[in-house]
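Side chains included, hydrogens not; waters and symmetry mates left out as well; all remaining heavy atoms used. Here the structure is a predicted model, which means the values were calculated and not measured.
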Amino acid sequence: QVQLVESGGGLVQAGGSLRLSCAASGRTFSSYAMGWFRQAPGKEREFVAGIRSSGGNTYYADYVKGRFTISRDNAKNTVYLQMNSLKPEDTAVYYCAASQFEQATTRAPMYKYWGPGTQVIVSS
């Protein structure tokens with residue numbers, strides 16, 4: 001079983017930056033594709049970014065492309081989400097997820113393990 005814990009959330013002003021981290025357990029972390037999702041009040045959980053198990057082939061939702069960057073350090077069992085030029089619309093709880101497959105997908109049901117989430121609030 002894989003356990004995930006997010007950190008790095010907080011309150012920032014529009015235009016600011018945050019770096020989220022996701023620490024994972026497990027001997028086979030390097031074999032899992034990883035993804036970031038978010039959920040705002042009153043809305044469904046949505047895909048933000050994904051990365052292949054090897055660290056290549058990244059994918060982004062249109063509304064974060066050019067502003068967010070997903071990366072991973074398999075030696076540290078950690079995945080990151082660098083968020084720049086934040087907008088009030090980015091306010092949400094952000095979740096880290098691990099897939100049992102090597103390639104990332106945008107579908108939440110394809111991810112088997114989830115962290116408890118971390119809150120991000122962007123003020124205008």
Side-chain angles (χ1 to χ4, degrees):
Q1 181 172 297
V2 176
Q3 296 184 71
L4 306 173
V5 180
E6 304 96 337
S7 62
L11 173 65
V12 298
Q13 292 185 323
S17 299
L18 281 176
R19 188 196 193 201
L20 304 183
S21 297
C22 175
S25 65
R27 300 187 303 275
T28 58
F29 172 75
S30 61
S31 68
Y32 304 140
M34 301 293 295
W36 286 96
F37 292 78
R38 69 186 187 186
Q39 186 166 19
K43 296 185 177 181
E44 296 184 355
R45 188 171 299 183
E46 61 184 7
F47 171 80
V48 176
I51 187 168
R52 191 182 176 88
S53 59
S54 64
N57 297 77
T58 56
Y59 301 89
Y60 300 93
D62 289 341
Y63 47 83
V64 304
K65 188 175 183 179
R67 299 189 297 122
F68 292 8
T69 302
I70 185 172
S71 62
R72 67 191 297 162
D73 186 340
N74 287 346
K76 297 182 178 180
N77 280 13
T78 303
V79 178
Y80 306 95
L81 183 67
Q82 178 66 47
M83 305 186 294
N84 299 325
S85 301
L86 284 164
K87 305 175 181 180
E89 305 90 85
D90 296 319
T91 295
V93 175
Y94 283 71
Y95 298 91
C96 175
S99 172
Q100 59 187 337
F101 305 106
E102 293 184 348
Q103 181 63 288
T105 74
T106 62
R107 305 289 187 178
M110 299 301 292
Y111 292 83
K112 186 176 182 179
Y113 306 102
W114 295 81
T118 185
Q119 178 73 61
V120 172
I121 300 176
V122 184
S123 62
S124 60

**Message:** Does the plane of the ring in Tyr95 sit parallel, tilted or perpendicular to the ring in Trp114? Use 30° and 60° as the thresholds.
**Reply:** perpendicular
**Message:** Test your reading of the model: is there a side-chain donor-acceptor pair from Gln82 to the backbone of Arg19, 3.5 Å cut-off?
**Reply:** no
**Asked** Taking all non-hydrogen atoms of both residues, which atom of Ala49 and which atom of Leu81 are closest, and how far apart?
**Response** CB-CD1, 4.2 Å
**Item:** Distance in Å, Glu6 CD paired with Cys96 SG, rounded so as to fall on 0.5 Å steps
**Value:** 5.5 Å
**Message:** Please give me the minimum heavy-atom distance between Val79 and Arg72, naming the atom from each residue.
**Reply:** CG2-CB, 4.0 Å
**Request:** Indicate the ring-plane relationship of Phe37 and Phe47, choosing parallel, tilted or perpendicular according to the 30° and 60° boundaries.
**Result:** perpendicular
**Request:** Return the minimal non-hydrogen interatomic distance between Ala104 and Ile51, and the atom names on each side.
**Result:** CB-N, 3.6 Å
**Message:** Please give me the minimum heavy-atom distance between Trp36 and Ser21, naming the atom from each residue.
**Reply:** CH2-O, 3.8 Å
**Message:** Show the nearest heavy-atom pair for residues Met34 and Tyr111, with the distance to one decimal.
**Reply:** C-CE2, 3.9 Å
**Request:** Check the pair Tyr32 / Ser53 against side-chain contact (heavy atoms from CB on, under 4.5 Å), numbers first and verdict last.
**Result:** CA-CA 5 Å; Tyr32 304 140; Ser53 59; 5.6 Å; no
**Asked** Stepwise, does the side-chain contact (heavy atoms from CB on, under 4.5 Å) test hold for Gln103 with Asn57?
**Response** CA-CA 8 Å; Gln103 181 63 288; Asn57 297 77; 3.9 Å; yes
**Complete:** For Leu20 and Tyr94 the tightest heavy-atom approach is CD1-CB, 3.7 Å
**Request:** Begin from the C-alpha positions of Thr28 and Val2 and carry the test side-chain contact (heavy atoms from CB on, under 4.5 Å) through to its verdict.
**Result:** CA-CA 9 Å; Thr28 58; Val2 176; 5.6 Å; no
**From CA spacing to verdict: side-chain contact (heavy atoms from CB on, under 4.5 Å), Phe101, Met110** = CA-CA 8 Å; Phe101 305 106; Met110 299 301 292; 3.4 Å; yes
**Prompt:** Once you round to the nearest 0.5 Å, how far does CD of Gln100 lie from OG of Ser31?
**Reply:** 10.0 Å
**Prompt:** Is there a donor-acceptor pair under 3.5 Å between the side chain of Gln39 and the backbone N or O of Glu44?
**Reply:** no
**Message:** Quick check against the 3.5 Å criterion: does Arg38 have a side-chain atom that pairs as donor or acceptor with the backbone of Ala92?
**Reply:** no
**Asked** With no hydrogens and no angle check, do the side chains of Ser17 and Asn84 hold a donor and an acceptor under 3.5 Å apart?
**Response** yes
**Message:** Rounded at 0.5 Å granularity, tell me how far CD1 in Ile70 sits from OH in Tyr60.
**Reply:** 6.5 Å
